[in-house]
J.: 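My questions all concern the structure below.
Count residues from 1 along the sequence.
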Amino acid sequence: MEDFIYCQRDIPKEQWRYGFRTSAATGCGWIATYNALRLMGYAPRPEDLIRYYERQLPLYHGNFGTSILAPAMFFRSRGFRVDHISRRDRFDALAQKSDVCILYYRWRNGWKFGAHFVALHHTEDGFVGYNTYKNSTGPDAYGPSLDAFLTKKKYFGAVLIGINKK
């Protein structure tokens with residue numbers, strides 16, 4: 001990949017398997033890491049990120065996605081400065097002082113529920129996220145407040161990981 005991954009569902013099923021499942025189904029954790037690294041100017045290899053995350057929880061081996069703080073552990077182990085918080089009223093401040101962030105949240109739609117990771121950063125026009133929706137084709141505008149975005153979408157259980165370059 002020479003660009004960002006805007007929609008994980010666009011990844012072919014046979015490419016970049018994550019455990020026994022497809023990255024399109026459970027790969028948002030490594031994809032958020034990939035996009036965060038791209039935002040900071042790095043050129044990560046998807047295969048290396050998948051291998052790292054599959055080894056984090058060998059029992060799950062990527063089949064249930066990525067553990068909540070695994071991206072924070074990944075970046076810390078590589079010398080990045082990392083902060084993480086779960087108080088949504090502090091998300092905007094952390095995101096504005098970070099080079100890039102990874103946002104984890106849970107969602108529910110009727111009887112369906114799940115969780116998702118996205119990479120994001122703050123711009124002069126507000127927050128911008130990558131791999132946000134099933135139909136994303138580019139960066140997604142979140143508006144001026146992450147808390148307001150999460151509230152509007154009815155997402156819950158959020159954790160924000162702020163990452164700064166080495």
J.: Any idea which heavy atoms bring I161 and P71 closest together, and the distance?
T.: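 Distance-wise, the nearest heavy atoms are CD1-CB, 4.0 Å.
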
J.: Donor-acceptor pair, distance only, cut-off 3.5 Å: does the side chain of H116 make one with the backbone of G29?
T.: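 No: the side chain of H116 does not pair with the backbone of G29.
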
J.: Between Q8 and S23, which heavy-atom pair has the shortest distance, and what is it?
T.: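 Residues Q8 and S23, closest heavy atoms: NE2-O, 3.3 Å.
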
J.: Let me check something: do F80 and Y53 share a hydrophobic cluster, defined by ILVMFWY side-chain heavy atoms less than 4.5 Å apart, either directly or through other members?
T.: yes

J.: What are the two closest non-hydrogen atoms of C101 and A95, and how far apart are they?
T.: SG-CA, 3.5 Å

J.: Would you please say whether a donor-acceptor pair under 3.5 Å links the side chains of S136 and Y130?
T.: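 No.
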
J.: Look at the side chain of N164 and the backbone N and O of D99, then say whether any donor-acceptor pair between them is shorter than 3.5 Å.
T.: yes

J.: Which pair of heavy atoms, one from V82 and one from R76, lies closest together, and at what distance?
T.: O-NH2, 3.3 Å

J.: Are Y105 and L150 close enough that some pair of their side-chain heavy atoms sits under 4.5 Å apart?
T.: yes

J.: Please give me the minimum heavy-atom distance between F117 and I68, naming the atom from each residue.
T.: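 In this case the closest contact between F117 and I68 is CE2-O, 3.6 Å.
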
J.: Check for me whether R108 meets the cation-pi criterion with Y155, that is, NZ or CZ under 6.0 Å from the six-membered ring centre and within 45 degrees of the ring axis.
T.: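 The answer is no, since R108 fails at least one limit relative to Y155.
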
J.: P144 and F127: which non-hydrogen atoms are nearest, and at how many Å?
T.: O-CE1, 3.3 Å

J.: If hydrophobic clusters are built from ILVMFWY residues whose side chains come within less than 4.5 Å, do L103 and Y34 share one?
T.: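 They do not share one cluster, since no chain of ILVMFWY contacts under 4.5 Å joins L103 to Y34.
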
J.: Ring-plane angle category for W30 and W16, please: parallel below 30°, perpendicular beyond 60°, tilted otherwise.
T.: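 Perpendicular.
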
